Amino acid sequence: MRPSPSRTVLPVLLAAALSACAGLPRAPAAGSEATLALLETTDLHATVLGYDYYKLKAEPSIGLERTATLVRQARAEFANTLLLDNGDAIQGSALADYQALVAPVPCERALAIYQAMNLLGVEGGGIGNHEFNYGLAYLGRVTGSRFEVDGVDAAAPRCAGPQFPLVLANVYSGKTRRPLFEPYRIIDKRVRASGPDGRPVDAVVKVGIIGFAPPVILDWDKHWLAGRVYTEGVRETAQKYIPEMRARGADLIVAISHGGLDDSPYDPAMENGSYYLAQVAGVDALLIGHSHQLFPNAASTVPQFNLPGVDKVKGTVHGVPTVMANLWGKHLGVIGLRLRHDGKAWTVDKSRTTVEARAIQNGDRSFVAADPAFAALVAAEHQATIAYVKTPIGRSDFRMSTYFADVGDASAITLVNQAQGAYLANYVKANLPQYAGLPVLSMASPFKTGAAGVGDYTDVAAGAVALNNAADLYLYPNALYGVKVNGAELTAWLEKGAERFNRIDPTQTALQELVNSAFAGFNFDMLTSADVRYQIDVTQPAGQRIRDLRYRGQPVMAAQEFLVATNNFRASGGGGFPGLDGSKTVLASPDNSRDVLIAYIQAAKELKRAEHGASRSWRFARTTTRGPVVFHSAPGMLELARDAGLDNVSLLRADDGGGKGFALYTVDLSK
């Protein structure tokens with residue numbers, strides 16, 4: 001007589017269950033203790049190697065290959081570690097664009113960044129806003145997921161992806177009304193602990209990880225997401241899932257929140273909801289990101305880290321241990337959770353828990369060694385990306401440089417302002433109708449003005465413009481921001497920028513230096529719009545130099561309102577510009593300013609001086625000086641001043657005598 005199916009299956013299942021249980025350590029005795037170090041990477045943006053693809057040279061200040069050294073050191077220091085990533089991993093570098101847009105990675109091969117994270121032993125990850133930039137079909141393919149959403153083939157083969165769970169709780173499929181990714185995962189983490197008698201014991205900590213993305217992805221990637229997915233606020237999502245995670249046995253809840261801190265009244269659509277997430281009962285540790293900042297950081301002046309309930313020294317938000325590990329692998333977040341078992345579950349001793357962000361740069365300004373395994377791992381993708389960034393994205397009929405930016409050549413600045421202004425105007429039209437009637441302007445500065453030597457100038461030759469040239473035009477990895485200011489604030493902004501100049505005495509016969517070298521060139525913000533005109537009177541004291549500011553021929557009134565495109569550094573207080581403290585921001589774009597510039601050049605295709613390089617808003621107020629007014633720049637460049645229409649500039653000496661290779665030029669302020 002053959003046994004019935006039920007009599008056969010039940011013993012098999014029971015044996016399997018007993019076998020699984022036998023493989024786990026027994027529950028530790030009450031009073032047992034352990035330390036579990038949560039290690040965070042965030043906002044890697046596909047930065048596997050310490051290499052700048054735009055400058056085409058090694059850059060030791062970035063790269064997961066160096067973060068790996070910090071991870072190895074932390075694993076040697078702590079008996080128990082759990083390495084988690086906070087998202088924005090697959091987009092944001094030339095390598096990412098190459099694999100997504102130029103030579104899509106084959107289904108059987110993981111993205112370079114995921115290969116690197118697999119090698120590093122990442123154990124769980126969240127999803128950031130930039131994961132959606134290439135669309136849902138791409139995201140599903142490279143994460144090894146199948147999305148049941150409109151416009152995506154749910155029957156497509158499951159491709160290679162990360163070898164760790166990705167969690168995201170607050171983004172849902174419009175078709176199924178279920179989370180797009182697994183909302184949370186409970187990881188059985190084996191740890192080495194000490195029993196109440198001090199003897200070592202093996203134990204398991206059930207760590208629940210839950211992920212959150214900024215709900216504003218629906219605005220930022222509307223063309224990919226509209227009608228396909230919807231979002232919920234981070235607070236209500238956490239309140240829904242955390243009790244469920246506890247009921248399923250989670251000892252600890254680690255929230256992986258791709259957002260910063262904002263104490264504005266809670267809104268389910270808010271971009272940076274982690275401040276409120278920390279207040280949800282049951283959150284034991286908080287990994288944050290998105291803002292590209294460092295936390296904890298006792299010296300930080302960033303507004304979000306100086307809010308009530310935020311301890312930027314200890315690294316807590318409303319008492320919850322919290323870390324943000326900057327971006328591009330520059331830091332590794334480390335939360336040393338001190339755990340104690342009460343006989344039923346593990347609990348966190350917050351009084352002994354530590355939080356820190358460890359840098360890949362040492363105190364002597366050197367950098368930790370890179371792990372060579374990573375360069376070998378992605379060698380083919382790396383070389384292919386280098387070839388890619390050398391390919392043209394457009395052409396220019398003029399040379400764009402900053403050799404004479406201090407005296408009015410805006411050839412390398414106008415294009416940046418045009419790209420920023422167009423981006424902000426388009427965003428307002430699509431998403432901020434309440435500001436549709438306001439003029440849109442843009443501020444940019446000459447990032448390279450000789451501070452680091454005679455070769456430290458932006459210089460993009462006429463002809464083919466490649467991706468790496470965009471880095472010369474836009475040096476810093478800023479995000480594009482938009483601010484709303486009135487005429488008085490706009491004037492104050494320009495006044496601050498005009499501190500680039502020394503005060504000139506027209507009666508003096510001796511040489512007078514025009515440029516205040518103590519005021520960085522990257523703080524010399526200027527408008528380059530044909531709609532705006534103003535003068536800078538360098539004979540006046542700082543704060544009283546902007547004259548005759550006009551918009552479309554009419555004087556700018558103090559209460560008149562404008563939207564101004566700038567970058568996150570400036571909008572958030574960088575440079576100490578009056579009124580710019582983060583409170584005037586109306587757009588904190590997820591897009592990098594350099595990427596905005598690249599897209600603008602690609603759309604324009606042909607750059608012409610008359611259209612893209614000649615617009616100039618400001619001039620020096622005319623004044624006659626008895627002696628020469630001088631400035632320093634690279635030798636042999638006078639023709640560029642002429643090309644820019646600067647007929648008031650002349651060469652005084654081919655060598656200024658300073659021993660650094662600069663020439664000495666004069667500017668005639670009477671012209």
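Computed from a predicted model, the values in this text were never measured in an experiment.
In this structure, Arg228 does not pair ionically with Glu148, as no charged nitrogen and carboxylate oxygen lie closer than 4.0 Å.
At a cut-off of 3.5 Å, with distance as the only test, a side-chain donor of Glu40 or Asn86 sits close to an acceptor on the other residue. Of the N and O atoms on the side chains of Gln91 and Tyr134, not one donor lies less than 3.5 Å from an acceptor on the other residue. Counted by atom type alone, Gln304 and Ser291 present one or more donor-acceptor pairs between their side chains at under 3.5 Å. Side-chain polar atoms of Asn568 and Ser572 form no donor-acceptor pair below 3.5 angstrom.
Considering only residues two or more places apart in sequence or on other chains, Pro215 meets the side-chain contact (heavy atoms from CB on, under 4.5 Å) condition with Asn170, Thr231. With sequence neighbours left out, Asn129 forms a side-chain contact (heavy atoms from CB on, under 4.5 Å) with Asp88, Pro214, Ile217, Trp220, His258, His290, Pro590. Arg158 meets the side-chain contact (heavy atoms from CB on, under 4.5 Å) test with Arg146; sequence neighbours excluded.
In this structure the side chain of Arg235 never reaches within 4.5 angstrom of the side chain of Leu277, judged on heavy atoms. The shortest side-chain heavy-atom distance between His130 and Ile90 does not fall under the 4.5 Å cut-off. Contact check for Asn272 versus Leu261: no side-chain heavy atoms found under the 4.5 Å cut-off. The closest side-chain heavy-atom distance from Arg395 to Lys605 is not below 4.5 Å. Between Arg66 and Leu49 there is no side-chain heavy-atom pair separated by less than 4.5 Å. At a threshold of 4.5 Å between non-hydrogen side-chain atoms, the residues Val460 and Ser401 do not count as touching. With contacts defined as side-chain heavy-atom distances shorter than 4.5 Å, the pair Leu480/Asn567 does not qualify. Using a 4.5 Å heavy-atom threshold, the side chains of Tyr275 and Asp263 count as touching.
One finds the OH atom of Tyr276 at 13.5 Å from the OG atom of Ser257 (value rounded to the nearest 0.5 Å). Taking OG1 of Thr143 as the reference point, atom CD1 of Ile127 lies at 6.5 Å (rounded to 0.5 Å). With rounding to the nearest 0.5 Å, the separation of CG in Asn417 from OG1 in Thr566 is 9.0 Å. Interatomic distance, NZ of Lys57 versus CG of Asn468, reported as 12.0 Å (0.5 Å rounding). Expressed to the nearest 0.5 Å, how far OG1 of Thr41 lies from CH2 of Trp328 amounts to 15.5 Å. Atom CG of Leu180 sits about 6.0 Å away from atom CZ of Phe132, to the nearest 0.5 Å.
Taking the six-membered ring where the residue is Trp, Tyr423 and Tyr427 present parallel rings, their angle staying beneath 30° rather than reaching 60°. Classification of the Tyr98-Tyr388 ring pair by plane angle, with boundaries at 30° and 60°, yields tilted. Note on ring orientation: taking the six-membered ring where Trp is involved, the planes of Phe295 and Phe305 are tilted (angle from 30° to 60°).
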Next on the checklist: Run the side chain to side chain donor-acceptor pair (under 3.5 Å) test on Asn592 and Asn478 for me, step by step, so that the C-alpha distance in whole Å, both residues' side-chain angles and the decisive distance to 0.1 Å come before the verdict.
Outcome noted: CA-CA 6 Å; Asn592 184 292; Asn478 297 321; over 6 Å; no
Checklist entry - Going through the distances and angles, do His331 and Thr67 end up as a side-chain contact (heavy atoms from CB on, under 4.5 Å)? => result CA-CA 7 Å; His331 290 79; Thr67 326; over 6 Å; no
Item to check | From CA spacing to verdict: side-chain contact (heavy atoms from CB on, under 4.5 Å), Ile62, Lys330 | outcome: CA-CA 5 Å; Ile62 62 176; Lys330 288 174 176 284; 4.0 Å; yes
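Taking the ring centre of Phe577 as origin, the terminal cationic atom of Arg570 falls inside the region bounded by 6.0 Å and 45° from the ring axis.
With hydrogens and angles ignored, the 3.5 Å screen pairs a side-chain donor or acceptor of Glu59 with a backbone N or O of Ser61.
In this structure, Phe522 has its ring center at least 6.0 angstrom away from the ring center of Phe447.
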